[in-house]
Every structure is written in C-alpha cells, then in structure tokens.
Protein chains: 2
Amino acid sequence: MKVAAKPITIRDVARAAAVGVGTVSRVLNGGAHVSRATTERVEAAIRRLGFRPNAQARRMLRRHSEIVCFLLSNRDFPHTFHARILQGVENYARSIRQHVIFAAVHYGAEVSPDRIHLPPILQERGMVDGLLLAGTIYPNFLHRIQEMEIPFVAFGNNVMEYEGPRNFDQVSYDGYPGEVEAVRYTIGQGHRLIAFGGDTTYPWMRVRHEAYLAVMREHKLNPIAFTAPRPVSNLEYGDWLAGRVLARRPRPTAVIAGNDEVAFGVWRTLRRRGLRVPEDISLVGFDDREEAMLMDPPLTTVRVRKEEIGQACMRMLLERLHHPTMPYSERLLATELVVRDTVKKL
Amino acid sequence: MKVAAKPITIRDVARAAAVGVGTVSRVLNGGAHVSRATTERVEAAIRRLGFRPNAQARRMLRRHSEIVCFLLSNRDFPHTFHARILQGVENYARSIRQHVIFAAVHYGAEVSPDRIHLPPILQERGMVDGLLLAGTIYPNFLHRIQEMEIPFVAFGNNVMEYEGPRNFDQVSYDGYPGEVEAVRYTIGQGHRLIAFGGDTTYPWMRVRHEAYLAVMREHKLNPIAFTAPRPVSNLEYGDWLAGRVLARRPRPTAVIAGNDEVAFGVWRTLRRRGLRVPEDISLVGFDDREEAMLMDPPLTTVRVRKEEIGQACMRMLLERLHHPTMPYSERLLATELVVRDTVKKL
DNA sequence: AGGTGTCGCGGAAACGGTTCCGCCGCCGGC
DNA sequence: GCCGGCGGCGGAACCGTTTCCGCGACACCT
C-alpha cells in the first residue's frame, strides 16, 4: 500500500494530453463532441497516469448519489427471506451501476414518529437518493420517513395496519392466488377435513386465511381455522397448531400452515407424537424458504419470488426518482403452488 | 413530495444568522472557537431553515467517504451465516457513523486476476474507504484486490488455499478449540466409536478434522473419518455420510458432522432408515446456524459468533484506515460447544 | 464572397462544503 | 501606556469534477 501521493486529477490529465479539462471530462462521459484523435490522446494519458475520477466530486455536481438504502426494520438480521430480497435488489442495482447501502433500524410500533431514532444514513442530505423499506414496517415509521421528503418504496406485505391514502409506492406479492391454488390442490387430492393455522394479526396471514375460506366455501366444505394471536415464534405457533389439529374430532387429514416455519413446527410436533407426514397428515406451507427443502419429505408450499420482489422494488424506486410526480402505485407479484411431497393422495 | 426548490446551503445559513460561512462550518463541526451566543444564533438559523449539510460536498473535502463495502464472493445470496456477519458489521458501523454498501461478485477460482470482472463499486476512486471480504474467496481475487491499493479485511475462514506471505488483515474464528470440546464431550458421554464426516477440500473442514483426530488420538481411540471430496450440497454430503456410517461395522454410536447442514442431511437419512437421534445414533454439528434449532431434538453443535466476526472485521478495517502502515495481523475468535439434545449418554 | 450552422475545443464558473489567513478587540504583563 | 497573544470571526481560496459560454475552423448554401 503506497502512501497516498498527491492524487491525479483531471487537470493533470488535461496537461499531459495537451487539451482542456472540459475535453477530458467529455471523454470521461462518453466522448460526445470530441474527435477520434483527441479521444485517443486523452485515453492514453488517462492510462499512462492511472487516473480514476474522484467519485465524491462527481456526485456533488451530478446532484444524486446513485446510492439507495435498503432499510431493514425491526429485525435482528436479514434472514433468508429478506436476504433474498436484498440480493434481488443488489443484482439489479449492479446491472445499472447503482449502489446499495444496507442499514437497519429498530423502533417500537407505538412511539410517536418524531421520537423514532433514525439511522445516521438518513441524517445527511444527499447521502442516498432513495429508500427501500423492508422488515416489519409500522405506520409511525412511514410517517416519519415521509417528513424527510425522500423517495422510497416499501415491501408492501410487511406494512402493518397502515390506514388512510397510501401516498407511497410499494411492491407486494399477492398471496391470494397461491394460497387458493394450494387449497384447491389439497382438495383435489381428496382431502375434505382441511385445517388452516396462522396468526391473523398479521395482514399477510389474513390474506392467506381469506383465500383458504373462499376455497373451502367454494367447495362447500367446513373451514377449520386456528387463527388466534399468540405471542410466540412461528415454530412454536406450529407446535400449538399441531396440538389443536390433533385434538379436533373428526381429525383433519391436512393442515395448511400459515408459512413454512409454522409448517416446520407442525411437522416436528406431529413426529414427536408418532405421526408421519404425509402418511398420517398432509401439510402445506407458504413462502418457499430454504427450510422447505430441508424438511423430509420436502414441503409442498407456495412460492414467493423474493429476488423478483427485490428487483421490482429497485426498479420502482428508480422510476420514482426519474418521474417524481407520477401517481403512486403498487406492484403485485404472483405467487404459485410448488408441489413437493407432503400432501398425500387420498 | 415537494418539487425540489433550490436547496439551502451553508451560505444561506450564514446570511440568516448574520455570520460568515466559516463560522457556520465551525458550528457544524463541533463549535470549537465559536462563542456561546453565536453558536446559538447559528443553530437557530439552521433549525429555522431546515438546513442539512450536503453529504457529497463534505466527503469531497474530507478525502474519505465513510463508506465501506461488504463484498460477498461467489454466493447466490447471503445465507444466515453471512447475513449475521453482515448484521454485525452494520451494527458496529452504525454506532460509529460509518455506512456499509452491500455488493456481490462472482468469478471462477481459476481465471487470471486481471480478467475478474469487478463490481462497479470498485471502479471509482474514493467511492469506498475499504473492503470487507466474505463468501468464498480465492487467491486470484485477493491478488486483484491488492492491485487496487484499497485497504481490506478478509473473513479468513473463507479464504481458499492462499499461499505465500499473507499481506492483508483477516478475522477468523478458530474452529479447533470448539471442535476439540465437542469431541471430548462426546467421549465424555461414553462414546468410543465416533465418526467424523466433512469434505476436507475446504480449509475450515480440515481444521475440524484435525481437531477430531487429535482428540481421538489423545484418548487412544480409532478415528473413523469420511472426508472424501464430493461435488454435492452439504445436505447431500450428509446423506452420503449417514450411508457410510451405517455401513460401517462395528457401527459408530456418534457422528461429528462437519457442519450443521451436513448434520441435517445425516439426520434425515437416519430417520428415513428408521433410526432416531440421539437414541440410536448421536449427532454433533458445527456453526450453530438457525437450522440447528429447527432440528428435533435441537442439535448439539459448535457455536461460531457471527455477529462478533462482523464487528471485528469492521473494527479491524477502521484501524487499518487510521494506521495504514501497521503490520498485518489476524484476529482469531474462539468457538465453543453448545450442548443441546442430540448426544446420548451411554 | 459572405452568411450561417455545426463541430471541436479551451477554459471560466459553479457546486457546497472546509480550511486558512488575517483582522479586530480584549486581556494581561511589563 | 504599550505590546504580544489569543479568542472570535469574516470571507477568500480551494477541493475535483461538470457545465456552459465563446471562439475558431470548416462546410454548406445562396
């Protein structure tokens, strides 16, 4: 690591190539209105001196940083679901030469907007062009962000109980069709006593629950839903759900779990009680996380295309940046059933 | 979202507070050499105008960006292991007002350094102050990065077959003591026929293998190691390992799996063949991933403190930035056994 | 031949901060 | 009473780019 000598500037290059600084700048930015010969002379000088333009000075003039911030709310760390969204964002960002700052923020759902402690990244002006909101997002935080007058896109499924006109952009997956497909498929496999379980405090769970109810009604079947709010992990919710299902008479032959983690909890409790999936009880998840493949047999579940959500978020933010006044919208991505091996044909 | 009016600059503030720009700048940067009364007048003006300094202009003068890049090599997305490292980096960075750009890079282990396609973030000068290298890192990439003369710290365990003098900083966990503890513990529970399995192509696996061998030797027990390289997933490696273990006579009573994913593969294959953990065969993992808690019963494994690795990386990079000429070093973090329920007392 | 449009180019101005120089006034020492 | 030092402060210069203005040369048209 050389001790930093005086860095080479655009003026050094101009001098070396015997041209004006404007010309060097033009070459740097695509070379419009510069003759072939001059371009080559300048490029040679750039190579010879090992010149690389200073990113900060550039950004100052450009008036935007080409950096967006992926802001994770109220999570300990980005586990696989959000990690995949982040990767989707990064992939797309890289292809269009944008950069992604990863930041986290924690706050209570109840604190007033102006008491939320923002991460340092949001305290400077011009540090990031826009925001991508993921994690569990409460309305107070959205209000706070809106005060900052910085463009942002939210991952809509994780927005909790937001009321009033939605004056921001969001990208969501539509869990409804996927869950409909899942329930129909289960019925198609001959099941009639099909339970659903998931804490409908969460809006994303409500959608799945409604899809379940609709399909059951459509087939004139009695819904068996366990949707009580419980302040426990998904895994433990699954344990509890399995208990309720087993206690129910007549016993359901299939369980639609609110998500893959709940399904995992159901699975382990069933196994502990000596029951096998799918021989004794069939099981369906939601999300298609990595863990679904870990299960044995692999879990039939509903796929959410997380990388595509990330990409769509980034794309939408960019559109907003380019057209600040366009009307707010929501982009909905489809979900679909992934049939694996946990639903038995009756 | 208001259409951007002319942004407020430091000169506007100076005019409003009837002071010079220098004074405003001094107030902004800690207020040394400014009287109490003036400070207050300036601060009032800042509040009144809603002035926030422009990040880019600041950075240009400061000569560093206060941004580091977390660079993930050759991974599809940040798995929970790396996600936790990233979170450790972010946590610490936030506390000292540094920012973390997340970027990914993919390259073959064999391509020559100058043919590796670097992510755009590294192509500008001054965009990031330093690099944090994670993922699976091959020597060709390290050589390429070194040419760039940008300070970096590598997550050492993931550095593959680097030879020669190590002229960069790294943070690693020392898997040896944790694995030693794990094997000793297993022996302490009365096991004598203890198998080890893991692809020792990977340097981190080699360390665990050596620890296993050392303890077995220390107790005068015959090692039963399955370390063949196999181009399959960890999970499938576990399947294969379980097969080998079951075929072996006399049959081992415990399996030390190279990592938690391998353990998971072993577990599912054992269960398929009608064997229970730990009643029929005991099992130990390594890494202490989220999945270890998913297993049933929860997996006894070796904990790697991933957040601390992240924090240490960030801290080390900062030291390097402040003292560019200090000698290179490696920071080693301890690992330790986490006893849960998959080793049976014989 | 003269006007006019276009291309290529040089260099000044601008961006929004920080840094530094120099001035003023006050205080303390002799 | 004079002088030196220093705290407080204003404002010019500067950082390394981009942008813009203006100029000369040349081609084309009338």
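Being a predicted model, the structure only gives us computed values, none of them experimental. Chain identifiers are assigned alphabetically (A, B, ...) following the order of the sequence lines, protein sequences preceding nucleic acid strands; residue numbering begins at 1 within each chain.
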Task: First encountered from the 5' end of DNA chain C, between A:S35 and B:T9 - done: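 Taking each residue's closest nucleotide, the earlier one in sequence belongs to A:S35.
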Are [X] and [Y] ion-paired here, with the side-chain N under 4.0 Å from a carboxylate O?
{"X": "A:R59", "Y": "B:E124", "result": "yes"}
{"X": "B:E319", "Y": "B:R315", "result": "no"}
{"X": "B:R47", "Y": "B:E43", "result": "no"}

- [ ] Return the 5'-most residue of the pair B:A57, B:R36 with respect to DNA chain D, ranking by each residue's nearest nucleotide.
- [x]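 Going by which nucleotide is closer to the 5' end, it is B:R36.
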- [ ] Take B:V21 and A:I10, find for each the nucleotide of DNA chain D with the closest heavy atom, and name the residue whose nucleotide sits nearer the 5' end.
- [x]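 Looking at the nearest nucleotide for each, B:V21 comes out on the 5' side.
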Rounded to the nearest Å, what distance is computed from the [atom1] atom of residue [X] to the [atom2] atom of nucleotide [N]?
{"X": "B:R11", "N": "D:dC9", "atom1": "CZ", "atom2": "C1'", "value": "16 Å"}
{"X": "A:L28", "N": "D:dT17", "atom1": "CG", "atom2": "P", "value": "8 Å"}
{"X": "A:M60", "N": "C:dA13", "atom1": "CE", "atom2": "P", "value": "17 Å"}
{"X": "B:N54", "N": "C:dA14", "atom1": "CG", "atom2": "P", "value": "18 Å"}
{"X": "B:H33", "N": "C:dG22", "atom1": "NE2", "atom2": "P", "value": "17 Å"}
{"X": "B:M127", "N": "D:dG16", "atom1": "CE", "atom2": "P", "value": "18 Å"}
{"X": "A:E40", "N": "C:dG8", "atom1": "CD", "atom2": "P", "value": "14 Å"}
{"X": "B:L49", "N": "C:dG16", "atom1": "CG", "atom2": "P", "value": "15 Å"}

- [ ] Look at the side-chain N and O atoms of B:R58 and state whether any lies under 4.0 Å from the OP1 or OP2 oxygen of C:dT18.
- [x]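 Yes, because at least one side-chain N or O of B:R58 sits under 4.0 Å from OP1 or OP2 of C:dT18.
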Open item on the list: Quick check on C:dG10: is either OP1 or OP2 less than 4.0 Å from any side-chain nitrogen or oxygen of A:T23?
Closed with: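 Looking at the OP1 and OP2 atoms of C:dG10, one of them is under 4.0 Å from a side-chain N or O of A:T23.
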Open item on the list: If you go through the side-chain atoms of B:R63, does one of them form a donor-acceptor pair with the base of D:dG16 closer than 3.5 Å?
Closed with: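 No such pair is found, so the answer is no.
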Open item on the list: With hydrogens left out and only the distance checked, is there a donor-acceptor pair under 3.5 Å joining B:R125's side chain and the base of D:dG16?
Closed with: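 Side chain to base: no pair present.
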Task: Ring centroid separation B:F141 to B:H143 under 6.0 Å - done: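 No, the ring centres sit 6.0 Å or more apart.
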Where the side chain of [X] is defined as all heavy atoms beyond and including C-beta, which of [options] is the nearest nucleotide?
{"X": "B:R26", "options": "D:dT18, C:dG17, D:dC9", "answer": "D:dC9"}
{"X": "A:L61", "options": "C:dA14, C:dG16, D:dG10", "answer": "C:dA14"}
{"X": "B:F51", "options": "D:dC15, C:dG17, D:dC9", "answer": "C:dG17"}
{"X": "A:N29", "options": "D:dT18, D:dT17, C:dT18", "answer": "D:dT18"}

So [X], base contact, sugar-phosphate only, or nothing? Heavy-atom distance under 4.0 Å.
{"X": "A:R59", "answer": "nothing"}
{"X": "A:V34", "answer": "sugar-phosphate"}
{"X": "B:A18", "answer": "sugar-phosphate"}
{"X": "A:S25", "answer": "base"}

Task: A:S329 backbone acceptor or donor facing A:D169 side chain under 3.5 Å - done: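 At least one qualifying donor-acceptor pair exists.
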- [ ] Could you label the plane-to-plane angle of the A:F168 and A:Y162 rings as parallel, tilted or perpendicular, counting under 30° as parallel and over 60° as perpendicular?
- [x]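 Plane angle over 60°, so perpendicular.
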